Structure formats: C-alpha cells, structure tokens
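Since we're looking at a predicted model, the values are computed, not measured. Just so it is clear: chains get the letters A, B, ... in the order the sequence lines come, proteins before strands, and each one is counted from 1.
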There are 2 protein chains.
Amino acid sequence: MGKCEQCIVRQLNSLKSLTKEELVRISACKTSRFVKKGEVIFDEGEHLNGVYCISEGICKVSKMSSNGRDQIIHLVKKGDILGERSLINDEVANLKATAINDMEICFIPRDEIINDLEKNPDFTMSILKDLASSLKSADNVIVDMAQKTVKQRLAEMLINLENRFGHDEDNVLNIHLSREDIANIIGTATESAIRLLSEFKKEGVIKVKGKNISLISIPKLKKIAQGF
Amino acid sequence: MGKCEQCIVRQLNSLKSLTKEELVRISACKTSRFVKKGEVIFDEGEHLNGVYCISEGICKVSKMSSNGRDQIIHLVKKGDILGERSLINDEVANLKATAINDMEICFIPRDEIINDLEKNPDFTMSILKDLASSLKSADNVIVDMAQKTVKQRLAEMLINLENRFGHDEDNVLNIHLSREDIANIIGTATESAIRLLSEFKKEGVIKVKGKNISLISIPKLKKIAQGF
DNA sequence: TTTAAAATATGATAATTATCAGTTTTTCAG
DNA sequence: CTGAAAAACTGATAATTATCATATTTTAAA
C-alpha cells in the first residue's frame, strides 16, 4: 500500500492542496482496495463515511429513476474524487457508483478529511472550485437533456468521451461501454442507442467493433451535436 | 438603502455566517437596485464582478441551447444568492438571469466577499453546503429530464412550485409564469405545455385561470409524476 | 469445448412530442 | 376606450422515440 505523499494520482485532484503533514496523517488511515468490473462501490441511500480517491479504472455514477431505469450522471476515472458531496452535506449517498472495469481505489475516512476541510483554506477553496465546476457542467447537461434530440446527445457524448478518456494508437476510445450504458448516459432506450450508433457508422462518422468505438470525423460529430 | 446587519433576507442564505464586522464592511460597499419585470440582470458571457442577494421578487436563470431555445435551469427568489458560482471559479457567467416580476436586489462586489470566503471558515463551509445541495438537485433534474416524459415533468414541476413558492389564501400558486416559461422549465414546446395544462385541468388535478394556477390534487399530481 | 445466458441487432408498430398554421383571448401603450 | 401586438389556444400532421418481438452474436461459466 503506497503512501499518499508519494502518490502521483493525488496531483490530479483537490488533495494536492493538502500540506505534507496532512498527507502523512491521511496516509496512515487510508485503506486501498481492488474493485472488480461490475462491482458496486456504494449504492443510493448508503452512508459513505468518507471519500474515495480513484487510483485506477473507471466507474459510472448513476441514479435510479422512478420509472425503473438507471440514469448515468457521470463517469469517474483515475485521479478523480468520489463521494465529496456526501462528505460535505453529511447525507446518505444520492447516487450509486459501479465499476465499469477493474479498479483500484483508496478510501479516506470522513473524520480525517473533514478536519482538513475546516482547517486548511487552500484545500477548502480547491473543493469549492471543484463543486462550482461540477455544477456548471451539470447545468450544461440539463440544457442538453432538455433541448437536444437523442441523436444530438449521442454525438455530443462521443465527443465528450474522446476529450475525457482519449484514444489509443489505433484511434479506439479508451473507454469501453456497453450499449445499455451508452443509452443510460444519453437517456434513451438501448435499442435507440444501438440504431443511432449504426446510423453514425453507416454515415462514416464513427467506426464500431463491439465495444471499441473510434471517432472518424469529430467535426461532423460536432455538427450533428449542434443539429445539422 | 438598508444595512446588511439588520437585513432579514440575509438570514435565509449563506451571508448569515458572516460576523457583525464583516457585515458592516459589506453593508458599506453594497448597492441596492430595483429591477423591472422582464429586465435582464446579467447575460451569458458577462463578467459579474460580484454576487446578488435577492431582497424581493423572482427571477429565472436560463441558458441558451444551440438549437435556439432558452432552458430555464432554476428560479431564484427572495433570500437566495445569485452568481456565487462565477465568484468562485472567476469565470464569466454561464447563465442568464431575467426578472419574472419586479425585484429588488443587492449587489456585493467580488473583492469584498472573496476576502471573507478565504478568511471565514464558517462562511466558506456554508457556501460549500449550498453548492453541494445545488449539485444534488441538479443531478435529480438530469435524471428527470433524461428519463421522464413531458407529462411527468410538468406534474413534478407543479409540485416543486407549490413546495418552493407556496400558494395564497385562494390556493393560487405564488408564482405567475407564462406558458412559454413553463415550457422552458420542463424542456418542451410551448404548445405541448399548453396542451398538457389543459389536460390536467380537464382531469381536475389543477385549476387554471390565465397565469393563476391552483393545485387541486397533489396526490394525483405525484402519481402522474411517477408515471401512473 | 460446449452451452446457456447476456448483449447486440433489426423490424414493425405504437406512443410521444414537435412543428406549422391559424384562431381566439389578453395585454397594454396611446 | 381602442387597436395592435403578444400570449394563449386548437387542430392537423410530421418527426422522433419507445416498445415489443425476435434473430443473431458474443461472453462466460461449467
């Protein structure tokens, strides 16, 4: 189990604002853990009692709608912090986190980190900026969900995946989602997502082989996302 | 122009966490202003340079979609703070604020309040909790927008209006929105919103007279919102 | 490897929602 | 008060999206 002070992942998130001493203290009480693909890290209604720092892998964060379908609200990857919101308002989790590939995650108990939150203004400001930025992007998602067609949303989502996860040497996106997950991100039926992916493929804007998706023309996708 | 120390509205928001001294300082530099119905307080892309504290009235906060329709993301009323996000990340406004009735608002310059944000941990934590709570409700809106039908969303919105704004002695909601605004909250065409309102009226779950809406059966509306 | 289960795919159809066109009602400036 | 503009409304129709049924392919456990 590595030490937080030396952890590279930490540099990617708000924990970078902690002092050396704080990190040593956190390192002593944190626990590291492997999570298998498909495993649920926490579910709606659970008490979190701490935050997770993602060392490796990707998980989806979702919420069940009253109509029985899961809506994926965001994708969390290496370097991201998970559960900070429940930490702040001290409520049970509003969302569910599920690994979409094998992961390694560190858990930091609430009591340790809440102390830093109250004492270290740099750290607090950093969390504050994180939340402000999440809120901005949530607002943008609301607008897209409310105003764009499923086709527009799919195009937009593909561009977002490219920006956030990048692609390998063969231009294949570095994230492999099931068709159902794709549908649950853009808020549509699985069949509709499949049909639109086929349509994009036919039109030559993407290449699809199983869960491997490559974007062939990002400009064209951007046009589709804007309604052309 | 009243003094912040004595302002009742302040008790409703994060400003209640400020000390007497901080309030006196802010009071000295704040400016108060009346805003007419329909007037734009700030628009997307503008530099805010401060936050607004709403003394009276209601405004809509919206964002233009690339398809040319305005999506209303929230309604801000007496006691709410407006523009805190732009304050924190120091970016231009992502949203537009428009008065939906006559308002009175106080403006607090950025420099004054940013100082308190960095120095007063109670105040910072209060803002942090505000943002966490906004983020939670934004996530819930995303789920609804993505998974619910327009009919479900309208029913839900009516319940939200009742909870947030209440009704007068004649059971009429204390907020008077145009049909277009209603459509822009739930993310649909104005005609669709009108049709569904008529349907609800016919079914006897609401009473409508112009912009005066009364909820007759909240339980029925809740059932509709959940898909029955 | 075999086989059952899960995921993906496709077609047909129904339901929802948007758009366009036009009418009626309301609002409000003069 | 009056007339023009804006808002609200209604109908017809088109476009989008969901649902159901079923076939094919892929995955993973025995």
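- Residues N174(B) and H167(B) bring no donor and acceptor atom of their side chains to less than 3.5 Å of each other.
- Annotation: proximity of residues 141-160 of chain B to DNA chain C (heavy atom, distance under 4.0 Å) is found for T149(B), V150(B), numbered in ascending order.
- To the nearest angstrom, P of dA7(C) lies 12 Å from CZ of R179(A).
- Among the heavy atoms of the strands lying under 4.0 Å from S198(B) are primed sugar atoms or P, OP1, OP2 only; no base atom is included.
- Proximity of V208(A) to F200(A): side-chain heavy atoms (C-beta onward) are nowhere separated by under 4.5 Å.
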Verdict with reasoning, E199(A) to K202(A), per side-chain contact (heavy atoms from CB on, under 4.5 Å): CA-CA 5 Å; E199(A) 197 183 315; K202(A) 232 175 258 168; 5.7 Å; no
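- Side-chain N/O atoms of R195(A) include none lying less than 4.0 angstrom from OP1 or OP2 on dA12(C).
- Using a 4.5 Å heavy-atom threshold, the side chains of M103(B) and C59(B) count as touching.
- In summary, contact between chain A and DNA chain D, defined as any nucleotide atom under 4.0 Å from a heavy atom of the protein, begins and ends at dT17(D) to dC20(D) in the 5' to 3' direction.
- Proximity of K201(B) to L197(B): side-chain heavy atoms (C-beta onward) are nowhere separated by under 4.5 Å.
- Judged purely by distance below 3.5 Å, without hydrogens or angles, the side chains of H176(B) and N212(B) pair a donor atom with an acceptor atom.
- Between the P atom of dA12(C) and the CD atom of E191(A) lies a distance of 15 Å, rounded to the nearest Å.
- Counting non-hydrogen atoms under 4.0 angstrom, T188(A) reaches the backbone sugars and phosphates but no base.
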Contact state string [nucleotides 22-30 of chain C, B base, S sugar-phosphate only, - no protein heavy atom under 4.0 Å]: ---------
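- Of the charged side-chain nitrogens involved, at least one lies within less than 4.0 Å of a carboxylate oxygen, so that E39(A) and R33(A) count as a salt-bridged pair.
- If you run side chain to side chain contact (heavy atoms under 4.5 Å, CB included) between V51(B) and each of L87(B), I88(B), L82(B), N13(B), only L87(B) comes through.
- Spacing between atom NE2 of H176(A) and atom C1' of dA7(C) amounts to 17 Å, rounded to whole angstrom units.
- The one candidate from I186(B), V205(B), I213(B), I218(B) that meets the side chain to side chain contact (heavy atoms under 4.5 Å, CB included) condition with L158(B) is I213(B).
- Side chains of N94(A) and N140(B): a donor-acceptor N/O pair is present below 3.5 angstrom, by distance only.
- Side-chain N/O atoms of S32(B) and E104(B) include a donor and acceptor closer than 3.5 Å.
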